[in-house]
2 protein chains.
Amino acid sequence: MTRMESSFAIIAEPNRRSILSLLAASECSVGELERQLRMPQTSVSKHLRVLREAGFVESRVEAQRRVYRLRPEPLMEVDAWLTPFRRFWTAHVDALERHLDRMDATPETPTKGKKR
Amino acid sequence: MTRMESSFAIIAEPNRRSILSLLAASECSVGELERQLRMPQTSVSKHLRVLREAGFVESRVEAQRRVYRLRPEPLMEVDAWLTPFRRFWTAHVDALERHLDRMDATPETPTKGKKR
DNA sequence: TCAGCGTATGACTTGACGGGTATATGAAGC
DNA sequence: GCTTCATATACCCGTCAAGTCATACGCTGA
């Protein structure tokens, strides 16, 4: 149903990235994700469905629970896409730190149209 | 104007990824991008604006043209986010090839509805 | 000055995605 | 059977991003 073509669109959603990060640590049931992320169960299930249909996760049934675990392929695709760009920063590694520091400093509200 | 919080949301757009890929090869003017991507100029300009405000590109003025070039920081962020996941595939590298081969073969339908 | 090119912006429309609520399914236990 | 727990789905709605069109801006050369 939901178009949602590329792997990039899937991980554009912050909650889905959170789910993936948790699953990177260890596999989880829906309820565990629900508690750790403090989000409604229906929301978790919906995101898991999207992730599952896009191949990011798979589930196995365990009694009444469904335990989800990570599948690496789609993220490998993203990683592969980055390849041609890496030459831009492999030279000077500390640029990221400076960038992240700036992000940190900014008042978290990009709401207003800032110049440049 | 456009919220567009994360770097992930920016590269969720296929046309923007195309622009970035072209700029990874070499800096380009708007017109060059327009021709290579075969998309309307207003569209290119709008995507460039989004990319610029998100720090993915910067432009310099050259006569009547604006030449855009890549800035690496936001993509470095994405690369950094991938770090915890790499352990899932650094062991067996060929899984990506198999995955991409499948993508190639399938007629645009995601992982087929397994319908239990 | 004007014309023409290159680029940016504004208004508008459309459609997709995410959140919420209610409900359905299905397994386990009484 | 019924009830409870765990998860999934259906529906509605608000929001927001992307496309299109028209137009405005800025630079250059005649």
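Small disclaimer: the values here were computed from a predicted structure and weren't measured. Proteins get letters first, then strands, A, B, ... in listed order; numbering begins at 1 in each.
Between A:Y68 and D:dA8 there is a side-chain N or O to OP1 or OP2 distance below 4.0 Å. Checking the phosphate oxygens (OP1, OP2) of C:dG18, a side-chain nitrogen or oxygen of A:R16 falls inside 4.0 Å. A:R65 has a side-chain polar atom (N or O) that falls below the 4.0 Å cut-off from OP1 or OP2 of D:dA6. The phosphate of C:dT9 (OP1 or OP2) has a side-chain N or O of B:R49 nearer than 4.0 angstrom.
In this view, A:P14 and A:R17, B:E5 satisfy the side chain to side chain contact (heavy atoms under 4.5 Å, CB included) rule, not counting sequence neighbours. In this view, A:P84 satisfies the side chain to side chain contact (heavy atoms under 4.5 Å, CB included) rule with no residue, not counting sequence neighbours.
Residue pairs meeting the side-chain hydrogen bond (donor to acceptor under 3.5 Å, both in side chains) criterion with at least one member in residues 18-39 of chain B, sequence neighbours excluded, are B:E27-B:R60.
Rounding to whole angstrom units, CZ of residue A:R60 and P of C:dA27 are separated by 17 Å. The CD atom of A:E13 sits 5 Å away from the P atom of C:dG18 (whole-angstrom rounding). When the P atom of C:dT9 is taken as reference, atom CZ of B:R66 falls 8 Å away, rounded to whole Å. Nucleotide C:dG18 holds its P atom 11 Å from the CE atom of A:M39, rounded to whole Å. D:dA18 atom P lies 10 Å from atom CG of B:L51, rounded to whole Å. Here D:dC27 presents its C1' atom at 6 Å from CD of B:Q64, a figure rounded to the nearest Å.
The two residues A:R16 and A:I10 make their nearest non-hydrogen contact at NE-O, 2.7 Å. Listed here is the closest heavy atom pair of A:S7 and A:V78: CB-CG2, 4.2 Å.
Residues from residues 28-38 of chain A placing a heavy atom under 4.0 Å of any atom in DNA chain C do not occur. Within residues 41-48 of chain B, the residues approaching DNA chain C are B:Q41, B:T42, B:S45, B:K46, by heavy-atom distance under 4.0 Å.
Side chain of A:T83 to backbone of A:A80: a donor-acceptor contact under 3.5 angstrom is found. A distance-only check finds no donor-acceptor pair linking the side chain of A:R49 to the backbone of A:V44 [under 3.5 Å]. Of the possible donor and acceptor atoms, none in the side chain of A:S43 sits under 3.5 Å from a partner among the backbone N and O of A:M39.
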Hey, can you pull the donor-acceptor pairs under 3.5 Å for the side chains in residues 63-70 of chain B, sequence neighbours left out?
residue : atom : partner : partner atom : Å
B:R69   : NE   : B:E58   : OE2          : 2.9
B:R69   : NH2  : B:E58   : OE2          : 3.3

